[in-house]
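Order of the sequence lines sets the chain letters (A, B, ...), proteins ahead of strands, with each chain counted from 1.
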Amino acid sequence: MLEAWAEFVRQLDPDILTGYNINNFDFPYLLDRAKYLKLKNFARLGRIKDIITVVKEIIQQTKFGKRKFKNINIEGRVQYDMHVVIKRDFKLRSYTLNNVSNEIMGEQKEDVHYSIITDLQNGDDQTRRRLAVYCLKDAELPLKLLDHVKSLTNDIEMARVTGVPLSSLLNKGEQVKVVAQLLRHAQSAGYFIPVHEYGPTTDQYEGATVLEPKTGYYKDPIATLDFSSLYPSIMIAHNLCYTTLLKPNEVNNFNLGKDEITITPSGNHFVKASVRKGLLPQILEQLLSARKKAKAMLKDETDSVYKAVLNGRQLALKISANSVYGFTGAQVGKLPCLEISGSVTAYGREMIELTRNLVEQEYSIEKGYASNAEVIYGDTDSVMVNFKAKDLETSMKLGKEAAEAISKKFISPIKLEFEKVYWPYLLINKKRYAGLYYTGTDKYDKMDCKGIETVRRDNCTLVVDVINTCLRKLLIEKDENGTVAYVQQTISDLLQNNVDISQLVITKELTKNDGDYTAKQAHVELAKKLAKRDPGNAPKLGDRIPYVIICGAKNTPAFQKVEDPIYVLENNIPIDVSYYLENQLSKPLLRILGPVLGDKVESIILRGEHTLTRTKVTSKVGA
DNA sequence: AGTAAAACCTAA
DNA sequence: TAAGTTAGGTTTTACT
Ligand SMILES: Nc1ccn([C@H]2C[C@H](O)[C@@H](COP(=O)(O)OP(=O)(O)OP(=O)(O)O)O2)c(=O)n1
């Protein structure tokens with residue numbers, strides 16, 4: 001069967017091979033079996049006749065733990081692993097093929113644990129049928145996924161724009177793209193790129209400003225002004241590049257006039273484009289123009305699937321452009337230049353400050369406006385403005401006007417844009433807010449949440465659902481009593497064990513190898529337990545581990561009360577519902593409801609009658 | 001009991 | 001060519 005499959009591959013002669021986790025599992029497994037069975041021709045999978053496909057397992061011992069990865073050579077064919085694509089392009093709580101297919105396409109397969117495969121094969125027609133269906137589905141779903149997310153189209157575009165092979169887009173980072181573009185532009189301009197020796201890394205340099213938020217619940221419309229592609233546009237406007245930098249000792253070497261040199265807010269010198277146009281600005285112009293095209297197509301597209309594809313393309317190009325800046329600040333990278341990255345962020349800090357001041361000075365009673373505009377928050381390249389307008393139209397009009405006026409203060413292509421109005425707007429903290437997002441005056445586009453629990457993957461879905469529902473009730477329905485009643489009912493349900501366990505599953509990523517952790521973590525402890533129970537399915541670095549917190553003696557730390565949700569179901573283990581109330585639900589609820597409902601919230605939510613009936617449990621773990 | 005540090009994830 | 005960047009909130013563990 002294996003030989004026939006390999007022959008099938010050779011006859012079909014595909015450019016691209018896909019599957020789910022093929023690089024880490026399927027190919028190594030198949031090649032291993034073929035070797036064990038002494039199959040002569042199986043490993044001839046590539047397009048070069050005499051090159052045999054082998055698995056190279058590379059283990060690098062670094063100061064910061066082990067780095068393990070497998071490399072499989074299949075000449076002339078791209079290994080386009082959908083597991084890698086999905087992890088890169090979608091932010092999900094779980095990346096099992098089953099969950100991914102379900103979330104993205106609404107399709108599921110029956111899971112068959114590997115331990116029963118032999119039994120199914122040795123059973124009867126029915127069990128073999130079950131196995132066959134499972135295998136077919138396993139092969140079919142990755143293809144359907146590829147067809148659905150259309151990542152190949154975007155990746156081919158990205159490969160063309162940045163000049164890297166397709167496979168690099170899956171197996172490598174942003175740096176290769178920047179280097180490839182630099183090489184391309186350097187060659188045609190007649191430069192060599194120096195080889196950079198890795199030196200000692202200094203401290204992080206200073207980044208962007210986050211304005212102190214004036215927290216609270218705003219019933220007035222809040223206009224948002226935002227510099228488009230801030231860092232790339234700074235680099236283009238001021239011609240920041242390796243090739244335009246004047247080191248302090250070079251400033252006087254070239255007989256340059258004052259008007260031919262830019263001094264950045266961080267005190268670095270660069271020549272203007274009139275003297276010599278930088279490479280980085282050229283690269284950025286190309287990336288931004290590709291992004292602009294993608295955005296234009298997105299605007300005209302009506303099909304929701306294609307919209308998502310184009311949005312993905314636009315986003316990937318934006319990250320690549322921002323990574324050109326990031327590359328210059330990457331001290332463990334191929335060509336760091338902190339003069340560039342430090343100048344970029346310094347310009348950014350100056351710009352957000354100036355923007356805030358201009359808005360507040362110009363849109364004031366003193367200048368003839370109805371009220372004093374107030375910048376209530378801003379992050380890096382945006383300001384949230386309370387023009388104190390009572391309606392959307394006025395807020396939008398003032399926002400557009402301000403964006404246009406302030407843009408004129410900056411060099412092209414720097415541009416401040418009016419993006420949207422939040423109405424109402426709940427500002428909880430830096431990087432934490434929610435609001436109804438309006439781009440037009442008739443209906444809100446969506447409820448937008450930043451940083452709060454509804455967009456985070458490290459809490460249980462009960463918290464997500466409750467916070468989401470509360471926000472809807474408050475921001476959309478404006479029903480404060482209904483919100484309180486809903487929260488009380490939910491807490492009562494939780495305490496009486498009426499919440500489904502699937503809503504209580506928390507997932508966290510395994511970010512280090514065991515042994516590199518200095519503090520015990522619930523999901524890490526569970527991962528170790530799972531590895532013991534089922535070594536064949538041991539969680540690996542980068543996997544997300546789902547867990548629930550079960551009952552234990554008082555003061556038992558969470559990492560000792562952690563258990564596999566399936567194990568809990570199978571063994572009827574009691575869940576620690578008060579953990580979910582006290583450690584998962586209560587604080588997020590107070591943060592959301594506090595600004596809207598006032599100080600009374602805590603007593604209403606956490607100490608009302610609805611908290612009195614609790615289901616008693618008997619079995620316990622821990623001390 | 002109070003606080004520093006670790007860990008995670010997100011905004012930009 | 002191994003690895004874009006910094007800022008920041010929140011929860012949990014470890015330590016005093
Ligand atoms: N992954 C990211 C995102 C952002 N930034 C930096 C560079 C950006 O210029 C700035 C502002 O980020 P935004 O998310 O607001 O995005 P842009 O301004 O780049 O693009 P847009 O045109 O969508 O506003 O923050 C970054 O370095 N890396």
Students often get this wrong, so: under 4.0 angstrom with heavy atoms, is A/K177 touching a base, only sugar-phosphate, or nothing? nothing
Answer yes or no: does a side-chain N or O of A/Q175 lie under 4.0 Å from OP1 or OP2 of C/dT5? no
Does A/Y433 put a side-chain nitrogen or oxygen below 4.0 Å from OP1 or OP2 of B/dA12? yes
Of the listed nucleotides (B/dA12, C/dG4, C/dA2), which one gets closest to any side-chain atom of A/K431? B/dA12
If I take atom CZ in residue A/F90 and atom P in nucleotide B/dT10, what distance separates them, rounded to the nearest angstrom? 16 Å
So, A/R291 versus A/S229: side-chain donor-acceptor pair below 3.5 Å or not? yes
Could you tell me whether A/R349 contacts a base, only the sugar-phosphate backbone, or nothing, with contacts defined as non-hydrogen atoms closer than 4.0 Å? nothing
So what does A/G207 hit on the nucleic acid, given a heavy-atom distance under 4.0 Å: a base, only sugar-phosphate, or nothing? sugar-phosphate
Nearest-angstrom distance from the residue atom CZ of A/R456 to P of C/dT11: 9 Å
Name the closest nucleotide to the A/T518 side chain, picking from B/dA12, B/dT10, B/dA7. B/dA7
Taking only the side-chain nitrogens and oxygens of A/H523, find out if one of them lies under 4.0 Å from OP1 or OP2 of B/dC8. yes
Please check the phosphate of B/dA7 (OP1 and OP2 only) for any side-chain N or O of A/K512 closer than 4.0 Å. yes
Check whether NZ of the Lys or CZ of the Arg A/K420 lies under 6.0 Å from the centre of the six-membered ring of A/Y437 and within 45 degrees of that ring's axis. no
What is the distance from CZ of A/F559 to C1' of C/dT13, rounded to the nearest Å? 7 Å
Remember a base hit wins even if backbone is also touched, and classify A/Y579 as base, sugar-phosphate or nothing at under 4.0 Å, heavy atoms. sugar-phosphate
Check the orientation of A/W423 and A/Y438. Use parallel for under 30°, tilted for 30 to 60°, and perpendicular for over 60°. tilted
Within this structure, what is the OH-to-P distance between A/Y325 and C/dA7, rounded to whole angstrom? 8 Å
Residue-phosphate contact under 4.0 Å: A/R457 side-chain N/O, B/dT10 OP1/OP2: yes
Would you tell me if any nitrogen or oxygen in the side chain of A/R591 comes within less than 4.0 Å of OP1 or OP2 on C/dT10? yes
Write down the distance between CD (A/Q181) and C1' (C/dG4), rounded to a whole number of angstrom. 12 Å
Taking only N and O in the side chain of A/K508, is any of them less than 4.0 Å away from OP1 or OP2 of B/dC8? no
Under 4.0 angstrom between A/Q521 side-chain N/O and B/dA7 OP1 or OP2: no
Using OP1 and OP2 only, check whether a side-chain N or O of A/K91 sits under 4.0 Å from B/dT10. yes
What class does the angle between the rings of A/Y422 and A/Y425 fall in, given that below 30° is parallel, 30 to 60° is tilted and above 60° is perpendicular? parallel
Across the strands shown, which category fits A/V332 at heavy-atom distances under 4.0 angstrom: base, sugar-phosphate, nothing? base
With DNA chain C as reference, determine whether A/D458 or A/N171 sits nearer its 5' end, using the nearest nucleotide of each. A/N171
Does either side chain, that of A/S343 or that of A/N268, offer a donor lying less than 3.5 Å from an acceptor on the other one? yes
Strictly below 4.0 Å: does A/N322 bring a side-chain N or O up to OP1 or OP2 of C/dG4? no
Hey, is the side chain of A/N583 poking within less than 4.0 Å of OP1 or OP2 on C/dT11, counting only N and O atoms? no
Among B/dA7, C/dA3, C/dT6, the nucleotide that comes nearest once only the side chain of A/T511 is considered: B/dA7
Selected nucleotide, minimal atom distance to A/I319 side chain, candidates B/dC8, C/dT5, C/dG4: C/dG4
Starting at CE of A/M235 and ending at C1' of C/dG4, how long is that distance when rounded to a whole Å? 11 Å
Under a plain distance cut-off of 3.5 Å, with no hydrogens placed, do A/N154 and A/E157 share a side-chain donor-acceptor pair? no
Output yes when at least one side-chain N/O atom of A/Y517 is less than 4.0 Å from OP1 or OP2 of B/dC8, else no. yes
Lys/Arg-Asp/Glu bridge criterion (N-O < 4.0 Å) met for A/D514, A/K528: yes
Quick one: closest heavy-atom pair of A/M158 and A/S320, and the distance? CE-OG, 3.5 Å
Those residues of residues 337-345 of chain A lying under 4.0 Å from DNA chain C by at least one heavy atom: none
Gap between atoms CG and P, on A/D381 and C/dT6 respectively (whole Å): 17 Å
Looking at A/T380, I'd like to know whether one of its side-chain N or O atoms comes within less than 4.0 Å of OP1 or OP2 on C/dT6. no
Respond yes when some side-chain nitrogen or oxygen of A/R432 is under 4.0 Å from OP1 or OP2 of B/dC9, and no when none is. no
Lys NZ or Arg CZ of A/K512 over A/Y517 ring: under 6.0 Å, within 45°: yes
How would you label the contact of A/V455 with the nucleic acid (heavy atoms, under 4.0 Å): base, sugar-phosphate, or nothing? sugar-phosphate
note: A/K520, atom NZ; B/dC8, atom P; distance rounded to Å ~ 15 Å
Evaluate A/F227 against A/F410 for ring pair (Phe, Tyr, Trp, His ring centres under 6.0 Å), listing each step before the verdict. CA-CA 11 Å; A/F227 286 101; A/F410 297 102; 5.4 Å; yes
For the side chain of A/D379, counting heavy atoms from C-beta on, which of B/dT10, C/dG4, B/dA12 is nearest? B/dA12
